[in-house]
K.L.:
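Right, I'll just put the structure down here and ask away after.
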Amino acid sequence: MPALWRSTFVLVMVLLAISRPSLASEDTGNGTENTITTLPIVIWKWEEIHFPYLVALWVLVSWLCKLVFQLNPCLTRVIPESGLLICIGWVLGGIIYGADKVQTFRLQPFTFFFYLLPQIVLDAGYSMPNKLFFGNLGAILVYAVIGTCWNAATLGLALWGCWLGGAMGNIDTGLLQLLLFGSLIAAVDPVAVIAVFEEVHVNEVLYILVFGESLLNDGVTVVLFNVFDAFVSLGGAQIDAVEIIKGIISFFVVAVGGSLVGVVFALLISLLTRCTKNIQIIEPGFIFVLGYLSYLTAEMLSLSAILSCTFCGVCCQKYINANMDERSVSTVRSTMKVFANGSETIIFVFLGISAIDPSIWVWNTAFILLTLLFIFVFRFIGVFLLTWILNQYRLVPLDFIDQLVMGYGGLRGAVAYGLVLLLDENKYKEKKLMISTTLIVVYFTVMLQGITMKPLVTWLKVKRAAVSERTLAEKIQNRTFDHMLVAIEDISGQIGDNYMRDKWNNFEEKWLYWLLMTPIARKSCDPIFNIFHKLNIKDATSYVKEGERRGSLAFVRNESKADVDFNKKFGADFSEMMPYIMTENMGPDHVPVSSILRDSVPSVCLDMHEQDLKMRESEDFDAHHLLQQHLYKGRKQHRHRYSRKHLEVNKDEHEVQEIFQRTMRSRLESFKSAKMGVAPPKKISKHLKKDQPQKMPNGKSADNSKSHAYGDEDLEFSEGDSASGCEAAGGSFPMRAYRGAGIVNPAFMAEMDTMDPMPPMQQIPSWLAEAEVDSSNMVPSQRAQLTLPWTPSNLRRLAPLCLSTHSNDSFLLADSPATQEGISELPPPPPPQDGQGQGTHK
Amino acid sequence: MIWCAAVLPNTNTNSMNRWFSCFLFNIVTPAHIVRLYDRFEALDKEKTGHLRPQDFGAINRLAMNPIGDRIIGAFFSPGQETVDFHSFVRILAHFRPADKKRPKDPSMPEPVNSRTSKLKFAFQLYDQDKDGKISRAELLQVLRSMLEMQVTEEQLESIADRTIQEADLDKDDAISFEEFRKSLEKVNIDHKMSIRFLR
């Protein structure tokens, strides 16, 4: 709670800072006219920069509002964020009004339609789940087009009826104007609904229907609005059948044309990303610029800009994601979100601010209440009617609960407000009434329906989406299902969805991939293969996480940094390992993954060294000394280079080379020692012996420094990988403890040797032993990998990289006595103990 | 009965009776049967009342389907060279969406479009040697045909290994039906294995 107050205070201060200058500006305006008599040291230049400054400040204030709410989660749990933002908009508007006595800031339609809306639309299009969207495109279109027209027409007609009946008193309007009003307020804005849906994970069909509908019906509303606006301009007398038909034609031309413009731009973007490999830095920029251009171009051609932007995003996402570098993709993703979420926040805050202005308010109880009622009722009727029709044709009918939620989710939003501001006051005498009604409708739906949405969804027990963890089996099975359905449709001689989808897939594979994707991307775009790759990465990450949880002794003392540090470190190791794994497991032609990862080695490692160095320099001179031996000398001269062109500023061939050599060397050493079954490698034990006396007092530090030697990390990594799967880490970390303990105390090592009836087995890392003993049990692919040496000498070192399902047990067997001994000898490193405990439970 | 005779004038009484068993088990609606019978006749070029594998092979687009031959194989019960209309419908009825409104009747045999029987159908597409297990080799075959040229044999093998690892609970390096069912627990089979026109 104090945090909330503090940030509220900050907010108010910023606000005052904004409103003050607007007052002060008049004074300074006079001041600048004076001719200067002496050289000023600094001058007050508010006039020159006040516009961009105000814009920036407003953006800041809006975002700070969001921050304020996020500090107080119990508030956001009850009231949707959009509602809260509107509330704070009221407060801000009140403050401004109090200070200026006039509402200085208002949401201008131009700003809304050309700066704020495109970002939201592009993001929604870009992150649309493609397959679902196109799979339900029919239903979405029905809801978006027919549903919106239904909403507009019924509301307009019903209001007209009431107006004729005299329910609204004396207002100057007419059928066309009311229809126009109906059309502008027909668009459903789902921000609040989608937020709730995401929170409770409603089933994906319901989700995509609401999401897709809301996106497309914004476009449809704008088109309808323009048609009716033209009708009103023509005047009631001049409208005959021809004009109406023209209106209908123009409706479709504008909608379809806009979508086509979007598709054309999507093709352009995809083609462009084919050849942006060398300018990776601005690669993401193209997406934004072209996406925005698609919006503007459609607007210029008086086609539907929203539809254009949507389809641009929907169509290009697949190809650009495949074409672009992985980092660019994540940049695009997150930047889109920043923009979209940012402008959404601004919109809602300003929706609130705009209300605090007595000059726009005109009250007409009947008009406002009737509008609210009709909107609510006709939305439900429309949804039920359309769903009933759709259900006749759908494979999976929408059930009643889904329909109820869809109907209730008919919140109105900023598009309506933006449109109503566009009205010409000379033509529409009741513009103010329309504005106030729109605002009331927006507030009412966003607040009331938004707040009650979540309880409703929970109470109605809307079908939830199965939290599906994407597994290979599922993915493969999905593919089989697809083929199966196509085959069955062929056999039964029906031309159905699956037939069409299959046709499209063939076309896409044959032509679009060839046209729009780089050859490399084409190779790796297969979904099964993709998921395989992702799973491998996930395994590695979970390994890192697991390690962090159990064995990250190195970061015990530096808890705040532990997260970042550890991830980076293992990230580097991982990416370093990746080429081997990839070439081993996937054959040499899997270019993209390994090349990407190899690219990222230097900068990542460098970071890590910086971190590590800082840590050790301040804490531990000896460890520093040890590190010095293991790090390259040259890195400092690369550290501060700045480049606008490249992300990997510090890329240095030598570094990569050196990392590689060191890794290989230490691997070979440990391999040799393991193979011979003699005492641990001279080099490593030497370091540790040297460290030993100083290290013992603070216990764990020997282990710390140990874990930083590259080769060692690599070894551990390969062990983890060999056990592949979630249990990997469980098996491998006790192993680490064993080696750590064994190496630190040579005496103990010797003792163990004599104690053990089978010294070689004890010394050979268990996975290696496994590889030898179990090679007969291995599946052929693993044997095949064994015969695929990196170099002849380290063939065996690489063997553990391949997948083995059997290695866990042997880990446990091998390390359990060792760790127990280790505990008695050394100050016990707690995490390995955990690992041990879990291991034995298993 | 009269209606049926009107629809299918040239069926003999024997096949009529079996044809009615389709009704009895309520696996498809009469409208479907009419449509499927038309299709059956169109496929049955030699008018024998039975379909042979070649008849299926004549469907052009099926030849392009990577698992087309497996699907065809699924129509023929082991040891049989032909399939009659009754079995033809029975197989296709696997792809009928489950009818939620129909009350569950424990005394009735499990409907052919239930989740389990759908899964069984999918399972036997993999399990070509009918030993109740998807072995690694069998999985590899399917993968090979589905992934075509895009990946190397090495990659295929590691994908297959990984898949088996995921599903394999008893560590016998093969996927039994139970394991198969478990691995697809979260998939809405009714949505994925249904065809709209059979509604």
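Labels below follow one simple rule: chain letters A, B, ... track the order of the sequence lines, proteins then strands, and each chain is numbered from 1. Predicted model, so just to flag it, every value in this text is computed and none were measured.
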K.L.:
For Asn506(A), which atoms come within 4.5 Å of any heavy atom of chain B: side chain, backbone, both, or neither?
P.N.:
side chain

K.L.:
Does any heavy atom of chain A fall under 4.5 Å from the side chain of Ile91(B), the backbone, both, or neither of them?
P.N.:
neither

K.L.:
Under a 4.5 Å heavy-atom cutoff, which of Tyr126(B), Phe40(B), Phe180(B) has the most pairs with chain A?
P.N.:
Tyr126(B)

K.L.:
How close do Lys133(B) and Asp127(B) get, heavy atom to heavy atom, and via which atoms?
P.N.:
O-OD1, 2.9 Å

K.L.:
If the threshold is 4.0 Å, N to carboxylate O, is there a salt bridge linking Glu178(B) and Arg181(B)?
P.N.:
yes

K.L.:
Could you check whether the rings of Trp514(A) and Trp511(A) sit parallel, tilted or perpendicular, using 30° and 60° as the cut-offs?
P.N.:
perpendicular

K.L.:
Side chains of Gln141(B) and Arg70(B): do they bring a donor and an acceptor to under 3.5 Å?
P.N.:
yes

